[in-house]
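Convention: sequence-line order gives letters A, B, ...; per-chain numbering from 1.
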Amino acid sequence: MDTAGFRLTRRDVLRTTGSLLTAATLGWPTRAAAQAAAPKRGGTLRVSNGGDPPDFDIQQTATYLTQFLAAPCYSTLMREDVSDPTRVVPELIERWDIAADGRTVTLHVRKDVAFHNGDVLTAEDVKYNLDRIRVPPKGIVSPRKGQLANIESVEVRGPLTAIVHLKQPQPDFLFLISNPFNGIYPKKVVEPLDQTGQGMKRQIVGTGPFRLARATEGQIYELVRNEKYWGPAPYLDRMQFFPIKGEVERAAALQGKRVDGCFFFASESVLQSLAKVPGMVTLRRPNPIFINLIPNVTKKPFDDPRVREALSLAIDREAFIKTVGPLAGAFYHSLGLMPPKSPYSLTAAEVKQFSGYDTLPGLGGNIAANRQKAIALLEQAGVPKGFKIVIPTRGDVPAFRDSAINVSSQLKLVGLDATVDVRDAGAFYQLETKGDFQIVMHSVAIAGAQPDQILGEGYTSFGGRNYGGWKNEALDDLYRAQSAELDAKKRVEAVRQFQLAFLKTYNQVNLAWVGYAAAHASTLHGWVPMTDLYNNMQMSRVWLST
Amino acid sequence: MLAYLTQRLAVGAVSLFGVAVAVFLIMRVIPGDAAVMLSGAGGGVVSEQELQDVRHKLGLDRPLPVQFADWAAKVAVLQLGTSLRTGNRVIDDAARRFPYTLQIVVMAMVLAVVGGIPLGVLSAYRAGSWLDQGLRLVSIGGLAAPSFWIGLIIILGLIWLFEWSAPLVWEPFWVSPLQSLSQLVWPALAVGFRQLALIARMTRSMMLEVLGEDYVRTARAKGVAEASVVLRHGLQNALLPVVTVIGFEFSALFGGLIVTESVFSVPGLGQYVVDSILNRDYPAAQGIVLILASFVVVSNVTVDMMYGWLDPRVRVQDA
């Protein structure tokens, strides 16, 4: 059993072996296979990943529904290397220079790149987009503004040169700008729309290999090949996105050959049924998506670290993974706050020192003893037996709903009267945004797996995911220190120090990691699944064999 | 008759006003905030100032009576506003989606009426026979099986038997009649089966009651042809409650297709209204509920008018 990263059970081995055999038989697009096959030009790729995208403004959104649709229409300044996800490669820039002090990054913009409306890409566009993400205009929302918070200013020096001044050196900076949600818009189009507070919610104007041809809400979103694409011409003539919300319905559409691919599934039973369909390729991979128990530290008694520690002690993580895994794809665990198998992972011994984490699969913890400790801690903190906890959750997403149900039942075992308040997304997010909750279970999906991406967004007081409202300057300083560390070895140590310090606070309690699944017809080739959900969804290298 | 119709329509208008007030208040009272949803809920913490900016832009920071008066004044001139979610005029979204929902409802009800009434009559006429038992089994099955399950069985059955499934690109009936029929007959079957079962059950029980009446025995004693006894003396008198059920089911189907539309991925009104409510898209949810309520009112008035046509005893005389 591998305790350093994934939970590896006999079932996993069988499943993986099965997938590999299927891949070998049906042509699962491993990197080597994708390169070896002879691509064919033409055809329409029909996909369904879920319901309608709420809008088209890829920079303003956090949902894969918008990102999967818009990614083929946009390019980013840099992107994750398909052949090696630990590297980034230039996309809309030809090259970059980093000054000796590490604080000045010069971006040399690629020549002769045209937007779909014919405008030519310039450094002014680059500046406007970077500024829009980090300091959005009034009425514009930027979920990833924290990721670019280290930018002090962006300067334009000539039509094709943009200079980014950083507050401090940041080795992950190029990864942060390569985030697939950071598609580049033409300033001339987006600036007036931003002044209305609308932004690019209703149109797509990018530099990507496809452009939006029609969008009929509830029916179809169609992209056609951008004949003026600056890069290698895409193979497909067009892509059609069909909004089908339910996973069972999407599976039926796949099975009925109404669509060629679905790149988002959670349910294991749906995936297993698809795996039995001849000519179907299925896969599931661990993504940088974590499910955390988040106490609201601004409310009593969760301001008391002993209570938060008791919450962590109460949870049998292996039981959580076994129960919620098949429903929400929460099959995985990691050691520490970084994703499974990360070079920044902690050791098992380090993780076991934190209350409750010894119940991760393979770490040999004693849940009964943990729960006794939890009861004692709650008593010390003055939390009466039968203390009522209401866990609000959204009912439409298994990662939220089933996690909350599981955690509530486990909390009862330490004498807490926990109940789940299932709400629709609108009501849930209102409570969460207002901080009007005691604890929530939240699934957070990150594009990319670098420390600044995971820790910056998920585990800093200024990050976008601080739903619990905690403040801790020392932790934020530790984050900034690791973020600025240029020496790779020292960086590993700095990230380790941050994780150890954060885990000690129990400001958030990590429960499991999610691996979303995909399924597509074996006639679809050239799609290389990356380690996260969002990268490489541009589909320019995808082709159909029939 | 005209006075009665005017009176019923006036009552309908008052009902619609009540619905407008109710849906407006319900959308504001239920937990949730349009600003939160429009601000990319789920993507991270949004500041109160950002939310306030969005509320101000949408006019949601004004007092409720002002918001209602503004909306009601627009509705009075048939302007349902702009959807916060799609950015389109609600009336345009509804016009694009309504034909699919209407077509399913009409096809389902035609199936139910054309199949359900004869089956109900046959079942009652042969009460206790194997035929009756078989038809009862089918009708109970139709009532018991959820339409979404029947829908999935139909989809998978079509794939299994014919390796065929309906295309996902939708066209209205008047643009491509054959394609439209081939796509929508399946959801119509899925929901129509239940309606058929209901109408068959209702027709059977009413026919059993009527066929035992003295006037039916008298007709038979007078030597009236059996078909005339059953259809003219029997069915015509048994139809009144059946018509009530048909009217009710017809209007109820408009709001009851949500799951079936979802199973067959039909871009109808059901999914739209659910998405609007879930996203706190106030103009869209309010507008569609009003449209659906209008159909219920029109449907009820139509059924009331049909009573008089079917049964002279309840025919309204002009003063």
- Message: I'd like to know if B:D70 pairs up with B:K74 as an ion pair, taking the criterion as any Lys NZ or Arg NE/NH1/NH2 lying under 4.0 Å from an Asp or Glu carboxylate oxygen.
- Response: yes

- Is any side-chain N of the basic residue among A:R132 and A:D57 closer than 4.0 Å to the acidic one's carboxylate O? yes

- Here the gap from A:S142 atom OG to A:L148 atom CG, rounded to the nearest 0.5 Å, amounts to 7.5 Å

- Query: Is it the case that A:R144 places NZ or CZ above or below the six-membered ring of A:F181, under 6.0 angstrom from the centre and within 45 degrees of the axis?
  - Reply: yes

- Engaged part of B:L51 at the chain A interface, taking heavy atoms whose separation is under 4.5 Å: side chain

- Query: For B:L84, is it the side chain, the backbone, both or neither that has a heavy atom under 4.5 Å from a heavy atom of chain A?
  - Reply: backbone

- Message: Non-hydrogen contacts under 4.5 angstrom with chain A: give the residues of residues 164-172 of chain B involved, or none if there are none.
- Response: B:S165, B:A166, B:P167, B:L168, B:V169, B:W170

- Item | Lys/Arg cation over aromatic A:F428: A:R394, 6.0 Å, 45° cone | no

- Query: Under a 4.0 Å N-O cut-off, is there an ion pair linking A:R46 with A:D260?
  - Reply: yes

- Query: Taking the six-membered ring of A:F242 as reference, does the NZ or CZ atom of A:R258 fall below 6.0 Å from its centre and within a 45° cone about the axis?
  - Reply: no

- Task: Determine the option with the most heavy-atom pairs under 4.5 angstrom with chain B, choosing from A:R202, A:K257, A:Q240, A:R423.
- Result: A:R202

- Side chain, backbone, both or neither: which part of A:T196 has an atom under 4.5 Å from a heavy atom of chain B? backbone

- Note on the structure: So, the part of B:R280 with a heavy atom under 4.5 Å from chain A: the answer is side chain

- Identify which of B:D93, B:L152, B:D275, B:I155 forms the greatest number of heavy-atom pairs closer than 4.5 Å to chain A. B:D275

- Note on the structure: The interface call for B:D33 against chain A, heavy-atom contacts under 4.5 Å, is both

- Item | Any residue meeting salt bridge (Lys or Arg N to Asp or Glu O under 4.0 Å) with A:R401, in chain and number order, not counting sequence neighbours | none

